[in-house]
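As the structure lists them, so they are numbered: ligands from 1, and atoms in each ligand from 1. Worth knowing before you read on, the calculation uses all heavy atoms, side chains too, and leaves out hydrogens, waters and symmetry mates.
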Amino acid sequence: MSFDRSIKIAPSILSADFADFGREIQAIEAEGADWVHVDVMDGHFVPNLTFGPPAVAAFRKHVKTVMDVHLMIAPVDPYIEAFANAGADIITAHLEAGPHIHRTLQAIRATGKKAGVALNPGTPAEAVAHLLDLTDLICVMTVNPGFGGQKFIDMTGKVRTLRSMIGDRPVHIEIDGGVDPSTAPKLALAGADVLVAGSAVFRGGSVANPAPYGENIRAIRMAAEKAAGARAA
Ligand code: DX5
Ligand code: ZN
C-alpha cells in the first residue's frame, strides 16, 4: 500500500446485506469504493455483535482493494494475529480498548499489517501525541461506535488538530460515522483523507441494483474533493 492523501471512500459493510457479503463487496468495489471497511464488534466494547476472523477471512476472497478492519473489541491483543491471518490490510484498534495502546500498535505492525488507532468522540486528539510514529491511520469516530445510521457528531476541530500534529508523516486521517455529502466537505477541508460511509453508500441500492452505490460514492467523493481542493497546500 503506497501512501497518498487523496480522498478515499471506504464503504462500511455493516450497512450491507448480511446474507450476501460476497456480492455486496464485489458491487461496491465495481461502483468505485477505494477501500472496504469491516466493522468487527464484540458486544463488550460496543453494544453490538457482528463477525470475527472466520467471516473476515471469507470477505477477503472478494476484496480486491484494501480491507480496512475496524476492531471495536476489548481486549484487542489476543485477536490481532487472527485478523492479520484473515487477510486484513489495515487493523485499527480503539485507544480506549485497553491500557496499552502503544504495545497494541507495535503488535499489529509486527504482523506486517498497517496499524490504525481509533478515537471515540470523547477522546481528545492529544491522546495520540506519542503514537504518531507507530500508526499508519487515525480513525476519528463521528458517532459513538456500535451501529450504522447514527447522527453525525461534529469532530472537525479534532481533525484539524490531528492534521497539524501529523505534519508530513504518512498517516491517514479516517472519519467514521454519519459521513454523507453534507458532512464530508468540512472534514476534508480540515484534513481528513479517508471517509467511511455505511448508510450513505448503501441507501437506495442492492446487489441486484448497485447503481445507487456508485451514485452515493461519487456524491460523497465530489463533495469532499471540492472542499479538499480548497485546503491549504
Ligand atoms: C460504527 C462503525 C461505522 C458505521 C458507519 O460503530 O464503526 O463504520 O458502520 O455507518 P454510517 O456511515 O451509517 O454511520
Ligand atoms: Zn467503523
Do any nitrogen or oxygen atoms of [X] lie less than 3.5 angstrom from nitrogen or oxygen atoms of ligand 1?
{"X": "Asp39", "result": "yes"}
{"X": "Asn144", "result": "no"}
{"X": "Ala197", "result": "no"}
{"X": "Gly149", "result": "yes"}
{"X": "Gly198", "result": "yes"}

Which atoms of ligand 1 have any heavy atom of [X] under 4.0 Å away?
{"X": "Gly148", "answer": "10 (O), 13 (O)"}
{"X": "Gly178", "answer": "11 (P), 12 (O), 14 (O)"}
{"X": "Ser199", "answer": "11 (P), 12 (O), 13 (O)"}
{"X": "Val196", "answer": "8 (O)"}
{"X": "Leu14", "answer": "9 (O)"}
{"X": "Met72", "answer": "6 (O), 7 (O)"}
{"X": "Met41", "answer": "6 (O)"}
{"X": "Ser12", "answer": "8 (O), 9 (O)"}

Next item on the list: Output yes if His37 passes the N/O/S-under-2.8 Å test against the Zn ion (ligand 2); output no otherwise.
Entry: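 Within the cut-off used here (under 2.8 Å), His37 does place an N, O or S atom near the Zn ion (ligand 2).
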Inspect the contact between [Y] and [X] and indicate whether a charged nitrogen and a carboxylate oxygen are less than 4.0 angstrom apart.
{"X": "Asp17", "Y": "Arg23", "answer": "no"}
{"X": "Asp4", "Y": "Lys8", "answer": "yes"}
{"X": "Arg203", "Y": "Asp180", "answer": "no"}

Note to self: Suppose we call two aromatic rings close when their centres sit under 6.0 Å apart. Are His102 and His130 close by that rule?
What the structure shows: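 Between His130 and His102, which both carry aromatic rings, the centre distance is not below 6.0 Å.
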Next item on the list: Compute the ring centroids of His62 and Phe21, then answer whether they are less than 6.0 Å apart.
Entry: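 Distance test on ring centres: not under 6.0 Å, no.
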Margin query: Given the Zn ion (ligand 2) as the apex, I'd like the angle to OD1 of Asp39 and ND1 of His70, rounded to 10 degrees.
Written below: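 Centred on the Zn ion (ligand 2), the OD1/ND1 angle is 90° (to 10°).
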Note to self: Would you say that more than 12 heavy atoms from the other residues, nucleotides or ligands in this model lie under 6.0 Å from the CZ of Phe51, or not?
What the structure shows: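 It does: Phe51 CZ has more than 12 such atoms within range.
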Item checked: Glu126, CD atom: more than 12 neighbouring heavy atoms under 6.0 Å ->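 Correct, the count exceeds 12.
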Checklist line | Proximity to ligand 1 by part of Pro145, non-hydrogen separation under 4.0 Å | finding: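 For Pro145, the contact with ligand 1 is made by both the backbone and the side chain.
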Notebook entry, point to check: Which protein non-hydrogen atom lies closest to atom 6 (O) of ligand 1, naming both residue and atom, and how far is it?
Noted result: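 Among all protein heavy atoms, the one nearest atom 6 (O) of ligand 1 is Gly146 N, 2.7 Å.
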Next item on the list: May I ask you to identify the nearest protein heavy atom to atom 5 (C) of ligand 1, giving residue, atom name and distance to one decimal place in Å?
Entry: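 Minimum-distance protein heavy atom for atom 5 (C) of ligand 1 reads Asp176 OD1, 3.8 Å.
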Checklist line | Any side-chain donor near an acceptor of the partner, His172 and Asp136, under 3.5 Å | finding: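 Absent: no donor and acceptor within the cut-off.
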Margin query: Pairing donors with acceptors under 3.5 angstrom, does anything connect the side chains of His70 and Asp68?
Written below: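 Side-chain D/A pair, His70 to Asp68: absent.
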Next item on the list: With salt bridge (charged side-chain N to carboxylate O under 4.0 Å, His left out) as the test, would you mind laying out the steps for Asp89 and Arg60 before giving the verdict?
Entry: CA-CA 10 Å; Asp89 293 300; Arg60 179 73 259 182; 2.8 Å; yes
Next item on the list: Determine whether Leu195 and Ile138 fall in the same hydrophobic cluster, where Ile, Leu, Val, Met, Phe, Trp and Tyr are linked whenever their side-chain heavy atoms lie under 4.5 Å apart.
Entry: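 Cluster IDs for Leu195 and Ile138 match.
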Next item on the list: Could you check which N/O/S atom of Asp176 is closest to the Zn ion (ligand 2)?
Entry: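 Closest to the Zn ion (ligand 2) among those atoms: OD2.
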Note to self: Any heavy atom of Phe147 closer to ligand 1 than 4.0 angstrom?
What the structure shows: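 Yes, Phe147 has heavy atoms under 4.0 Å from ligand 1.
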Next item on the list: Give me the ring orientation class for His94 and Phe45: parallel if the planes are under 30° apart, tilted from 30 to 60°, perpendicular past 60°.
Entry: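 Answer is tilted, since the angle falls between 30° and 60°.
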